[in-house]
Protein chains: 4
Amino acid sequence: MSFHDNDLVPYGSSPSDREAIVKRFRSALDETGLKVPMVTTNLFFRPVFKEGAFTANDPAVRRMAVVKTLDAIDLGVELGAQVFVMWGGREGVEADAAKDVRGALDRYAEAVDLCCSYVRDRGYDLRFALEPKPNEPRGDILLPTVGHMLAFISELEWPEMVGLNPEFAHETMSGLSFSHAVAQTLWHDKLFHIDLNAQRIGKFDQDFRFGSEGIRDAFYTVKVLEDAEWDGMRHFDAHAYRTEDEDGVWDFARGCMRTYLILREKVRRFHDDPDIAEALRTARRSEITEPTSPAGSGSDAIARLRSQAATFDEAALATIGYGHERLDQLVTELLLGVR
Amino acid sequence: MSFHDNDLVPYGSSPSDREAIVKRFRSALDETGLKVPMVTTNLFFRPVFKEGAFTANDPAVRRMAVVKTLDAIDLGVELGAQVFVMWGGREGVEADAAKDVRGALDRYAEAVDLCCSYVRDRGYDLRFALEPKPNEPRGDILLPTVGHMLAFISELEWPEMVGLNPEFAHETMSGLSFSHAVAQTLWHDKLFHIDLNAQRIGKFDQDFRFGSEGIRDAFYTVKVLEDAEWDGMRHFDAHAYRTEDEDGVWDFARGCMRTYLILREKVRRFHDDPDIAEALRTARRSEITEPTSPAGSGSDAIARLRSQAATFDEAALATIGYGHERLDQLVTELLLGVR
Amino acid sequence: MSFHDNDLVPYGSSPSDREAIVKRFRSALDETGLKVPMVTTNLFFRPVFKEGAFTANDPAVRRMAVVKTLDAIDLGVELGAQVFVMWGGREGVEADAAKDVRGALDRYAEAVDLCCSYVRDRGYDLRFALEPKPNEPRGDILLPTVGHMLAFISELEWPEMVGLNPEFAHETMSGLSFSHAVAQTLWHDKLFHIDLNAQRIGKFDQDFRFGSEGIRDAFYTVKVLEDAEWDGMRHFDAHAYRTEDEDGVWDFARGCMRTYLILREKVRRFHDDPDIAEALRTARRSEITEPTSPAGSGSDAIARLRSQAATFDEAALATIGYGHERLDQLVTELLLGVR
Amino acid sequence: MSFHDNDLVPYGSSPSDREAIVKRFRSALDETGLKVPMVTTNLFFRPVFKEGAFTANDPAVRRMAVVKTLDAIDLGVELGAQVFVMWGGREGVEADAAKDVRGALDRYAEAVDLCCSYVRDRGYDLRFALEPKPNEPRGDILLPTVGHMLAFISELEWPEMVGLNPEFAHETMSGLSFSHAVAQTLWHDKLFHIDLNAQRIGKFDQDFRFGSEGIRDAFYTVKVLEDAEWDGMRHFDAHAYRTEDEDGVWDFARGCMRTYLILREKVRRFHDDPDIAEALRTARRSEITEPTSPAGSGSDAIARLRSQAATFDEAALATIGYGHERLDQLVTELLLGVR
């Protein structure tokens with residue numbers, strides 16, 4: 001299980017209260033065998049963070065935010081967490097004149113660097129996973145997509161300590177392909193955590209049961225994770241509909257997991273299906289791994305490319321059919337369980 | 001002026017035809033004093049690129065795309081261009097099964113590296129500006145936003161040669177703030193070119209006259225460019241409405257420029273307006289430049305932050321008003337010309 | 001001022017408490033001269049309505065919703081309201097299988113008919129204004145746009161008693177033109193109330209200060225209201241940013257009104273500007289009032305149209321320029337206060 | 001098969017050419033047994049319609065548009081069509097100042113009335129199906145959704161002759177539920193035709209293969225059609241991906257049909273599945289058909305509702321769980337073919 005600091009320890013608890021709560025919680029973990037692989041801190045609920053946390057204009061608020069995060073890091077490490085998620089829900093603006101975006105990015109980087117420094121000093125075995133979101137609760141949130149966050153990480157002091165926690169709903173809100181976002185994150189070696197749920201494009205943050213919307217996107221997300229043999233936890237960050245009683249909440253949790261497993265099985269069948277294999281050959285999917293310039297980028301290699309290109313029959317290349325309709329229909333039928 | 005290779009030299013022209021066209025074009029440039037600061041290549045129109053160009057599954061198509069780009073680089077440099085824009089309109093997919101996204105990113109990087117290598121070998125004074133777009137003509141285009149492209153650049157062999165050409169319409173299609181995108185691009189020192197136009201969120205690529213939609217976003221875009229004293233060309237990549245005759249097309253071009261200049265004047269007045277200055281103080285905008293941890297990230301510095309945070313009065317901090325409504329209304333009235 | 005029933009009288013108040021509250025409130029109205037032109041009922045907050053109110057599957061819940069509405073009607077009429085707004089925030093679904101949409105529309109119509117019947121029986125001078133919204137809090141809300149609601153009204157028992165309360169934010173969430181929605185509502189003679197605010201397309205329900213986003217849409221909304229000499233109240237349904245203290249809330253309220261008045265003045269200048277007048281002639285705007293078939297729809301009239309059409313010079317008609325770029329730029333400059 | 005007038009008869013054909021083409025086409029129909037159940041007219045391609053067709057500001061253009069439509073009606077009836085689709089792709093605006101929306105709606109209604117009058121005069125057995133679309137090629141198209149069109153029809157002279165042709169892609173572009181749109185159209189008895197395809201929210205008009213995106217929406221669309229026993233043609237208005245050769249186009253066509261049939265079979269299984277039946281009972285779906293006020297809307301009936309409501313236990317009603325998570329998961333698993 002995972003939690004925000006104040007989900008476990010109420011804000012403003014005394015040290016002794018904190019100790020008692022953590023002790024009781026550890027016992028529960030020990031008894032049940034549950035683990036805490038990830039924790040995070042809530043920097044968005046309390047009014048003090050209304051103008052931002054790591055990027056608040058007021059330095060006092062920024063300092064509070066950093067210290068609250070350090071405390072949450074201590075708490076997480078104490079309970080065995082190896083990933084610390086950072087979602088900057090208040091790091092944004094509605095009245096654009098009020099925020100110097102470049103200055104705010106400086107402060108954002110400073111805050112993450114401070115946390116990394118702290119973890120290094122303490123010798124913690126902990127990595128950070130930043131979670132992008134385009135809007136809500138702010139009109140525009142800074143670093144709104146997986147891409148913006150990945151770029152940001154490249155400017156940090158210890159980029160190797162910081163990766164992403166992409167969320168299906170957040171990336172989908174902007175109409176972007178979540179499975180592509182996960183693939184790019186893997187390409188950068190930055191998939192440190194994942195939040196699976198469901199969402200329709202261009203709506204409020206819905207956090208629906210995994211697979212309940214966007215079955216095709218869910219399948220390709222599972223496929224990219226499984227094909228990459230990604231060893232991280234499949235984490236669901238979703239909410240039951242408001243129509244449910246307690247049983248419904250359990251059905252909801254079960255449904256997230258069931259759908260993941262069903263889709264994982266379909267990924268296996270995708271790879272075993274001879275018609276799909278043939279369609280992939282028609283689409284020439286595996287040829288993407290062949291270097292465009294096998295001889296490298298030197299001037300000889302380029303001269304060779306040029307002379308080779310002069311021999312291509314463009315008209316013939318243009319008439320080749322890639323069979324995407326057939327391939328996509330085969331996948332649709334695999335998803336629909338009729339093959 | 002700027003152009004795609006085949007806007008000037010028709011596809012398949014013989015070397016002598018090419019030479020004649022270029023000669024005539026150079027004369028026109030010389031006579032009129034017009035310059036060619038930027039060129040690009042068209043890798044999206046011809047059917048051979050229907051499945052992709054730099055990231056086509058077929059290596060022959062990829063090779064053609066790279067060689068066509070090298071030729072366009074030669075053409076651009078010959079005409080004085082110092083920026084080469086790359087818009088990968090066909091680098092994407094509708095049938096996700098057909099594309100290995102991580103493999104495609106490898107090939108995308110390889111293609112850009114090949115172009116960089118070529119420019120270095122030839123000793124050209126040319127930089128590359130990549131232009132992201134989320135979709136259209138493909139269902140999903142790879143590297144769909146400014147963020148995804150910035151992250152991609154950090155993995156290239158010569159990242160210093162490659163920056164961005166953010167486009168107002170493309171970023172706005174996804175509902176993301178274009179002025180934030182430009183600010184982050186500047187923060188990474190990667191604003192190599194810009195495409196200004198207008199667009200409504202969640203629609204087809206409209207390429208409207210600059211400022212005709214999203215006046216507020218247009219203003220903040222001008223503001224971030226002017227405040228940063230960005231020395232690049234203000235480039236408009238837009239189309240006149242289909243309702244126009246030739247006069248209308250000139251009105252369209254004039255309108256783009258007029259609106260930029262009007263907004264630039266408003267930026268100047270923004271900085272001179274005493275009420276806005278006071279509202280910015282209330283919003284504490286300039287305090288974002290103050291380090292959160294003035295003493296750095298060492299353990300002493302962090303200990304100091306922690307003891308300082310213990311003294312903060314959270315309730316008092318939470319009740320502070322930042323005056324964003326007043327500030328935003330002042331900007332609205334500045335835009336509306338009533339202050 | 002306007003309110004939900006439970007904003008004034010807490011849910012579950014005893015009759016004597018209700019009476020005391022209403023008495024105190026009436027005194028306040030009398031002292032201040034404030035009026036209550038519109039009231040509504042809250043059918044979305046309490047958990048009992050989690051599955052719907054007028055369209056809940058459970059008949060008991062539907063009955064509670066109708067009776068709560070009748071009580072709110074009594075309260076509104078007692079305080080002088082002449083418009084009763086109905087926003088069916090819970091009338092929708094996430095799990096589509098759970099809702100028979102056609103059955104739900106039957107019940108929706110029944111509930112509105114019951115309210116109309118009640119108002120007629122009591123002889124109240126009250127009309128209903130239905131408020132569409134596409135989503136949030138439900139995944140999909142029934143009758144999601146101005147259009148769907150207008151169509152629904154045509155099926156009611158007393159359609160003349162029921163009109164619309166279009167909201168800028170709600171229609172804009174779907175990317176639809178709010179000023180077109182208002183114009184169509186006026187065309188149907190159904191603009192019984194209006195909710196003005198601001199919103200970006202494809203986001204959560206933002207309810208921003210009027211004019212703070214979408215200045216151009218705000219201008220055309222004001223223009224259609226003023227050109228139609230609509231005599232209804234200009235009602236703002238918006239919220240101050242969370243960054244504000246009490247002063248900021250007043251600035252927010254003032255800003256809504258100021259921007260409306262500024263835009264109204266710009267509408268006046270639009271009509272007085274000779275360049276705009278000329279551009280409107282070029283666009284041939286006023287010719288839309290000329291009947292396409294001046295002689296009507298009989299067979300003679302149609303024969304005349306046909307013989308007339310045979311004389312048209314299509315090529316000449318096709319080359320006419322309508323000057324929309326110039327006209328739109330003139331409006332942009334009017335909005336920017338430079339003409 | 002169905003077509004635009006100029007798909008069959010090139011624009012500007014002489015009467016004798018037209019006759020020859022139609023004769024040849026009729027022979028082909030007779031030989032193959034193909035039918036032409038629906039035709040339409042192209043009022044969007046030729047530049048003469050760039051400012052609108054039925055709602056062009058220029059009366060001459062409007063007259064051309066109406067006459068072109070009458071000719072297409074003759075052509076369609078001659079070939080056996082019983083439905084005439086009208087898609088007003090150019091009836092819209094980018095520069096809002098140029099268009100008097102209320103005046104344009106007058107002209108739109110006049111044009112449809114003229115067509116109806118003509119069909120009545122000729123005694124044709126033909127109905128009209130209007131097709132809404134929110135945008136593209138215009139910035140905003142008039143009557144942008146199923147709802148706006150349904151409302152418009154209620155103002156026509158012969159509303160019984162005019163219904164809708166809802167399109168999956170067009171309604172989905174605005175983020176609205178297509179299955180709800182179809183259900184509401186059926187509720188108004190106005191489903192005269194349908195265009196099935198696939199689309200992602202907030203993108204260009206994609207017209208993908210039916211079921212390739214939005215499987216869940218596709219399923220509920222099939223379900224509402226089948227449950228209503230709608231007797232119209234299942235018409236696919238879609239395009240193959242640009243990656244295809246001729247075989248791919250046939251695969252595309254086959255895929256549309258296959259997916260419809262697969263989903264229709266799943267609808268049958270939905271109704272036969274005992275677990276789903278039980279979940280529907282938990283959701284109380286069928287209770288929506290019970291009148292809220294069984295005794296009608298008179299004052300006695302309302303008095304009875306009130307006294308009944310006084311007996312309800314709100315707290316108990318509020319705690320009921322409707323089991324939507326379980327129901328929705330059962331549907332997900334039905335779709336995935338694992339039940």
Side-chain angles (χ1 to χ4, degrees), chain A residues 44-53 56-58 61 89-90 92-99 133-141 144 169-170 172-176 197-209 211-214 238-245 248 251-252 255, chain C residues 44-53 56-58 61 89-90 92-99 133-141 144 169-170 172-176 197-209 211-214 238-245 248 251-252 255:
Chain A
F44 46 89
F45 182 78
R46 300 186 67 81
V48 70
F49 299 123
K50 63 190 176 186
E51 204 272 322
N57 283 346
D58 183 338
V61 174
R90 294 277 165 202
V93 69
E94 292 83 31
D96 275 306
K99 193 62 70 177
K133 189 179 180 187
N135 64 80
E136 195 190 356
R138 305 307 301 266
D140 286 291
I141 297 179
H170 294 178
T172 303
M173 286 166 72
S174 299
L176 304 173
N197 50 23
Q199 171 76 31
R200 282 171 81 84
I201 295 172
K203 314 275 181 192
F204 68 99
D205 186 16
Q206 298 180 313
D207 285 344
F208 286 148
R209 196 180 71 258
S212 63
E213 296 279 355
H239 301 281
Y241 305 133
R242 202 193 186 209
T243 46
E244 302 308 289
D245 59 12
D251 285 331
F252 149 81
Chain C
F44 46 90
F45 182 78
R46 300 184 69 80
V48 71
F49 299 124
K50 64 190 175 185
E51 204 272 323
N57 283 347
D58 183 338
V61 174
R90 293 279 165 202
V93 69
E94 293 82 31
D96 275 306
K99 192 63 71 179
K133 189 178 179 186
N135 64 80
E136 197 191 354
R138 304 308 300 266
D140 286 290
I141 296 179
H170 294 177
T172 303
M173 286 164 74
S174 301
L176 303 173
N197 50 24
Q199 172 76 29
R200 281 172 83 83
I201 295 172
K203 313 276 181 192
F204 67 99
D205 186 17
Q206 297 180 313
D207 285 345
F208 286 149
R209 196 180 72 255
S212 62
E213 295 280 354
H239 300 282
Y241 304 132
R242 201 192 186 207
T243 47
E244 303 307 287
D245 59 12
D251 285 331
F252 150 80

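Chain identifiers are assigned alphabetically (A, B, ...) following the order of the sequence lines, protein sequences preceding nucleic acid strands; residue numbering begins at 1 within each chain.
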Checklist entry - How far does CG of Asn135(C) sit from CD of Gln206(A), to the nearest 0.5 angstrom? => result 6.5 Å
Which region of [X], side chain (C-beta onward) or backbone (N, CA, C, O), has a non-hydrogen atom less than 4.5 Å from a non-hydrogen atom of chain A, or is it both or neither?
{"X": "Arg209(C)", "value": "neither"}
{"X": "Glu244(C)", "value": "backbone"}
{"X": "Pro137(C)", "value": "backbone"}

Checklist entry - Between Asn57(A) and Ala98(A), is there a donor-acceptor pair closer than 3.5 Å when you use the side chain of the first and the backbone of the second? => result yes
Item to check | Main-chain N/O of Phe44(C) paired with Arg90(C) side-chain donor or acceptor, under 3.5 Å | outcome: yes
Item to check | Contacts of Asp140(C) that satisfy salt bridge (charged side-chain N to carboxylate O under 4.0 Å, His left out) - sequence neighbours left out | outcome: none
